[in-house]
Amino acid sequence: MKNLFNIDAELYEVYSQIENNGGEMTTDLEAALEISEAERLTKGEGYVYVIKQLKSQSELLKAEAKRLLEIAKQYENSADKLADRLLDSVITHGQIKTAFVTISSRKSKSVHLTDEKLLPAEFLRIKTEPNKTAIKEALESGLEVQGALIVENYSLNIR
């Protein structure tokens with residue numbers, strides 16, 4: 001069975017032969033064109049079926065991954081709650097030391113922001129990023145923008 005690449009190659013060969021004949025179609029070329037085009041249509045439908053199956057499987061796996069992530073989050077939350085209880089006990093009553101484990105606490109400092117809008121400018125980082133919409137408009141209007149160009153892309157449309 002031919003793959004889409006081979007079918008496309010056959011079609012290009014037929015187109016090339018038609019061009020070499022000055023655009024004149026022979027019965028052999030017409031038959032080859034019809035056969036290759038029919039094979040391409042059949043193969044295209046097959047590809048769509050496989051694409052839909054793969055996307056369906058992908059959606060099922062994404063849903064299962066989401067479910068598993070939720071379960072993992074529950075385990076993580078339970079572990080965090082137990083760790084908080086253990087920390088409270090160690091802070092209140094001191095370290096726990098056994099033959100297998102030593103549990104203690106240590107102090108650290110971190111900055112807690114109550115309202116970022118009130119911070120002076122000297123304590124803010126400013127992030128800059130390209131404005132792609134403005135760049136595209138400038139390029140399309142004929143302006144030259146160094147470091148940017150418009151690239152045409154194609155996407156598959158299946159209905």
Sub-4.5 Å side-chain heavy-atom contact between Ser108 and Arg106: yes

Test of understanding: clusters of I, L, V, M, F, W, Y form through side-chain heavy atoms closer than 4.5 Å, transitively. Do Leu87 and Ile103 belong to the same one? no

With rounding to the nearest 0.5 angstrom, report the CG to CD distance, Leu143 to Glu137. 11.0 Å

Taking all non-hydrogen atoms of both residues, which atom of Ala32 and which atom of Val14 are closest, and how far apart? CB-CG2, 3.9 Å

Between Glu10 and Arg40, is there a side-chain heavy-atom distance shorter than 4.5 Å? no

Show the nearest heavy-atom pair for residues Ala148 and Ile135, with the distance to one decimal. CB-CG2, 3.6 Å

Using modelled atom types and a 3.5 Å cut-off, is there a donor and acceptor pairing between side-chain atoms of Ser78 and backbone atoms of Gln74? yes

With a 4.5 Å cut-off on side-chain heavy atoms, are Val101 and Ile96 touching? no

With heavy-atom distances below 4.5 Å as the criterion, would you say the side chains of Lys43 and Lys2 are in contact? no

Can you measure from NZ (Lys73) to CG (Leu68) and round to the nearest 0.5 angstrom? 15.5 Å

Check whether any side-chain N or O of Asn21 sits under 3.5 Å from a backbone N or O of Gly23 as a donor-acceptor pair, and report yes or no. no

Any side-chain heavy atom of Leu11 sitting closer than 4.5 Å to one from Leu33? yes

Quick one: pull up CG in Asn6 and OG in Ser36 and give me the separation to the nearest 0.5 Å. 10.5 Å

With rounding to the nearest 0.5 Å, note down the distance linking CG in Asn20 to CG in Leu29. 9.5 Å

Atom pair CG (Leu69) and CD (Glu76), whose distance is rounded to the nearest 0.5 Å: 10.5 Å

Roughly how far, to the nearest 0.5 Å, is the OG1 atom of Thr42 from the CD atom of Glu37? 10.0 Å

State, to 0.1 Å, how close Glu30 and Met25 come at their nearest heavy-atom pair, and which atoms those are. CA-CE, 3.5 Å

